[in-house]
S.K.: 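Mind looking over this structure? Questions follow.
Sequence lines set the chain letters: A, B, ... in the order given, protein chains first and strands last, and positions in each chain run from 1.
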Number of protein chains: 2
Amino acid sequence: MRDTPSAGSMTRADILAGEIADSIIDGTLPPGSRLDEHMLAERYGTSRTPVREAIRQLKTTGLIDVRPRRGAVVAEVTSRDLETLFVAMAEIEATCARLCALGMNPVERRRLQALHQSTRDLVEAGDQTAYAAANISLHLQIYAGAHNPVLSDFAAGLRRRLAPFRNAQFRAPGRLPLSFAEHDVIVEAILAGNAAAAHAAMLHHVSLVEDAFEQVARSSSAA
Amino acid sequence: MRDTPSAGSMTRADILAGEIADSIIDGTLPPGSRLDEHMLAERYGTSRTPVREAIRQLKTTGLIDVRPRRGAVVAEVTSRDLETLFVAMAEIEATCARLCALGMNPVERRRLQALHQSTRDLVEAGDQTAYAAANISLHLQIYAGAHNPVLSDFAAGLRRRLAPFRNAQFRAPGRLPLSFAEHDVIVEAILAGNAAAAHAAMLHHVSLVEDAFEQVARSSSAA
DNA sequence: GACCGCAATCTTGCATGCAATTTTCTCCAA
DNA sequence: TTGGAGAAAATTGCATGCAAGATTGCGGTC
């Protein structure tokens with residue numbers, strides 16, 4: 001539900017771009033799928049023109065690969081790409097955390113702490129689904145706290161791209177309490193206004209997320 | 001010359017996107033200009049379709065603002081936006097410098113030092129134009145040295161967007177030797193593998209670039 | 001039996017035309 | 001003179017048709 005349907009002033013191409021992106025992210029369109037213009041046009045009940053414009057739009061997000069005259073395919077994410085994305089994500093999030101430590105206002109700090117504390121119960125209950133949702137909220141608050149739309153948009157885009165891989169991480173055994181503990185260090189550093197510590201803690205945290213994902217990926221591919 | 005014209009496999013829309021972006025960056029299309037599809041189509045000798053696709057593509061870069069059914073205009077960059085962009089640029093470049101310190105291979109380190117040293121002569125000669133070009137090369141090398149296409153693409157995009165404002169900075173009195181001295185600290189830290197120092201030095205450097213720009217902007221608007 | 005060349009088919013790229021909405025101009029009234 | 005309502009003009013959004021290039025399958029030859 002990214003696009004409020006009530007936003008009447010949206011072109012079909014915009015809507016299509018969102019729909020296609022969602023389909024890619026939720027796995028309906030797996031990596032390697034050919035994005036046939038006729039097929040997409042028929043599926044969404046429009047002509048090829050808006051589909052083409054949506055594809056152009058998606059091209060710049062990295063979700064799809066477009067080779068002129070040869071069509072578009074859902075981007076195959078190699079493990080090398082994945083590492084690049086995770087490193088970029090870690091660095092950007094660390095930067096956001098740094099800026100939060102330097103510039104969050106009292107209201108934002110209080111909200112951040114409140115949200116973080118509220119996840120403690122979810123950890124104890126072992127509710128992976130609810131924790132994953134709260135986790136996203138926490139990170140989004142940190143993006144917002146950076147007070148820099150350019151950085152936070154970029155971070156949000158990366159997060160969307162990595163979403164299919166991140167959601168798996170909480171299945172790693174014992175990941176929930178660890179995640180909470182890492183968040184604790186981050187939030188503590190931000191609230192204390194310690195920029196360097198916030199940066200380091202977030203970098204560490206996201207790196208561990210990558211490790212957790214790889215652990216899950218290995219065990220599930222071995223199973 | 002971003003787009004090699006010899007790359008035969010490029011669609012008209014891609015070429016147009018590049019042309020329009022260049023026109024915006026070099027000032028041919030000043031902020032606030034309406035991007036009339038008929039006009040652009042006629043100017044570039046094509047139909048409206050590729051123009052529309054180019055506009056879609058540019059929409060995601062932040063260079064233009066598109067309001068559905070109301071056309072596209074070259075984005076007005078407010079001073080607030082500008083500060084946001086400069087901060088984002090500083091953070092990303094600092095991150096790249098950090099990664100360079102951690103991961104540049106010997107060849108890259110030697111090349112970086114060689115390029116930096118070669119700019120010393122330009123400073124002494126007071127050649128602002130040549131120095132500006134060398135300055136870009138230096139920063140691009142640092143992007144590349146981060147070994148992360150996601151980050152370096154983002155950095156390059158930001159640099160393009162800020163290009164019109166950055167070029168002015170070297171007109172600030174005494175900026176050239178200062179710039180060189182700042183580069184010296186950055187390069188030194190990278191070569192020494194000191195990640196924290198490289199990060200801090202680059203952050204400092206880009207912040208000073210912003211200061212220098214504002215100084216030039218104020219004096220020229222006051223003149 | 002394998003490889004190379006050619007043709008048929010399919011897919012994308014571009015142009016044009018029509019529909020829908022926004023903008024602007026004009027005219028009328030207060 | 002100014003404000004607003006309505007219509008005309010202009011501009012964008014979308015659909016369709018045609019052309020160019022790519023892929024695939026087939027036949028011939030070595």
S.K.: Mind checking which nucleotides bracket the chain A contacts on DNA chain C, 5' to 3', with an atom under 4.0 Å from a heavy atom?
M.R.: dT11(C) to dG13(C)

S.K.: Using a heavy-atom cut-off of under 4.0 Å over every strand shown, decide if Leu35(B) touches base, sugar-phosphate, or nothing.
M.R.: sugar-phosphate

S.K.: Hey, is Glu53(A) close enough to Arg12(A) for a salt bridge, meaning N to O under 4.0 Å?
M.R.: no

S.K.: Would you kindly give the CD-to-C1' distance between Glu37(B) and dG13(D), to the nearest whole Å?
M.R.: 8 Å

S.K.: Could you walk me through whether Leu16(B) and Ile55(B) pass the side-chain contact (heavy atoms from CB on, under 4.5 Å) check?
M.R.: CA-CA 9 Å; Leu16(B) 275 178; Ile55(B) 287 176; over 6 Å; no

S.K.: With a non-hydrogen cut-off below 4.0 angstrom, is Arg70(A) in contact with a base, only sugar-phosphate, or nothing?
M.R.: sugar-phosphate

S.K.: Quick one: Met39(B) CE to dT11(D) P, roughly how many Å, whole number?
M.R.: 10 Å

S.K.: Without decimals, in angstroms, what is the distance between Arg69(B) CZ and dA10(D) C1'?
M.R.: 13 Å

S.K.: Quick one: do Arg70(A) and Asp65(A) make a salt bridge, cutoff under 4.0 Å?
M.R.: no

S.K.: Applying a 4.0 Å non-hydrogen cut-off, can you work out what Arg67(A) is touching in the nucleic acid: base, sugar-phosphate, or nothing?
M.R.: nothing

S.K.: Can the ring centroids of His199(B) and His204(B) be said to lie less than 6.0 angstrom from one another?
M.R.: no

S.K.: Are the charged groups of Asp14(A) and Arg56(B) less than 4.0 angstrom apart, N to O?
M.R.: yes

S.K.: For Arg98(B), is there an ion pair with Glu91(B) - N to carboxylate O distance below 4.0 angstrom?
M.R.: no

S.K.: Pick base, sugar-phosphate or nothing for Arg12(A), based on heavy-atom distances below 4.0 Å to the nucleic acid.
M.R.: sugar-phosphate

S.K.: Closer to the 5' end of DNA chain D via nearest nucleotide, is it Asp36(B) or Ser47(A)?
M.R.: Asp36(B)

S.K.: Do the side-chain N or O atoms of Arg52(B) get closer than 4.0 angstrom to the phosphate oxygens (OP1, OP2) of dG13(D)?
M.R.: yes

